[in-house]
Visitor: 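Below is the structure I would like to discuss, written out as structure tokens.
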Amino acid sequence: MYYTGVFSIVLGVRNIGSDSATLDQVFINGKTLATAGANSNLPYPPALGPGEEKIFVIWLTIRYTHGQVVELRLHTISGNEYSKLITLP
């Protein structure tokens, strides 16, 4: 979504494993949210139990343009990383 200079990424995160998962970092193009000019409603640290799903929103506030591809990467405290390329509308 795009609102007057701000792109919103609505992120559905689901733990499909049998153990709890805790996110300790979120990266946009290899940078932390603060360094990447982004904000979010993620509590710190967001934890998900087995089978649990949560919805988060990340707002890209500066340096982003329509059609730009950004990499969103989630890092867990156990060292796992999950990434997704997103094309901004």
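Residues take their numbers from the sequence shown, with the count starting at 1. Since the structure is predicted, the reported quantities are computational estimates derived from the model, not experimental observations.
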Visitor: Any pair with a residue in residues 19-29 that passes side chain to side chain donor-acceptor pair (under 3.5 Å), sequence neighbours left out, goes on the list, sorted by first then second residue, please.
Guide: Asp24-His75
Visitor: Distance from Leu72 atom CG to Ile28 atom CD1, nearest 0.5 Å?
Guide: 4.5 Å
Visitor: May I ask whether Phe27 and Val70 are part of the same hydrophobic cluster, defined by side-chain heavy atoms of I, L, V, M, F, W, Y residues being less than 4.5 angstrom apart, directly or through others?
Guide: no
Visitor: Got a second to check how far Ile16's CD1 is from Leu48's CG, nearest 0.5 Å?
Guide: 12.0 Å
Visitor: Which pair of non-hydrogen atoms, one from Pro89 and one from Phe7, has the smallest distance, and what is that distance?
Guide: O-CE2, 3.5 Å
Visitor: Going from CD1 on Ile58 to CG on Asn41, what distance comes out if it is rounded to the nearest 0.5 angstrom?
Guide: 8.5 Å
Visitor: Could you walk me through whether Ile86 and Ile9 satisfy the side-chain contact (heavy atoms from CB on, under 4.5 Å) test, starting with their C-alpha distance in whole Å, then the side-chain angles of each, then the deciding distance to 0.1 Å, before giving a yes or no?
Guide: CA-CA 9 Å; Ile86 299 167; Ile9 298 172; 4.0 Å; yes
Visitor: Which pairs count as salt bridge (Lys or Arg N to Asp or Glu O under 4.0 Å) when at least one residue sits in residues 42-61, sequence neighbours excluded?
Guide: Glu52-Lys54
Visitor: List the atom of Ser8, the atom of Trp59, and the distance in Å for their closest heavy-atom pair.
Guide: OG-CD1, 3.1 Å
Visitor: Out of curiosity, Tyr82 OH to Leu74 CG, how far, rounded to the nearest 0.5 Å?
Guide: 9.0 Å
Visitor: What are the two closest non-hydrogen atoms of Leu23 and Pro45, and how far apart are they?
Guide: O-CB, 3.4 Å
Visitor: For Ser40 and Leu33, which heavy atoms make the closest approach, and how far apart are they?
Guide: OG-CD1, 3.7 Å
Visitor: Would you sort out whether Asn39 and Thr61 count as a side-chain contact (heavy atoms from CB on, under 4.5 Å), showing the intermediate values?
Guide: CA-CA 8 Å; Asn39 294 307; Thr61 56; 3.7 Å; yes
Visitor: How far does CG of Leu60 sit from CG of Leu88, to the nearest 0.5 angstrom?
Guide: 6.0 Å
Visitor: So which pairs with a foot in residues 30-41 pass salt bridge (Lys or Arg N to Asp or Glu O under 4.0 Å), sequence neighbours left out?
Guide: none
Visitor: Hey, what else clusters with Val69 if you join Ile, Leu, Val, Met, Phe, Trp, Tyr whenever side-chain heavy atoms sit under 4.5 Å?
Guide: Leu85
Visitor: Checking Ala21 now: which residues fulfil side-chain contact (heavy atoms from CB on, under 4.5 Å) with it, not counting sequence neighbours?
Guide: Asn15
Visitor: If you compare all heavy atoms of Tyr64 against all heavy atoms of Ala36, which two are closest, and at what distance to 0.1 Å?
Guide: OH-O, 2.6 Å
Visitor: More than 12 heavy atoms of other residues, nucleotides or ligands under 6.0 Å from CD1 of Ile55: yes or no?
Guide: yes
Visitor: Should the heavy atoms of other residues, nucleotides or ligands under 6.0 Å from CZ of Arg63 be counted, would the total exceed 12?
Guide: yes
Visitor: What residues form a salt bridge (Lys or Arg N to Asp or Glu O under 4.0 Å) with Lys84, not counting sequence neighbours?
Guide: none
Visitor: What pair of heavy atoms forms the shortest contact from Gly30 to Arg73, and how long is it?
Guide: CA-NH2, 3.5 Å
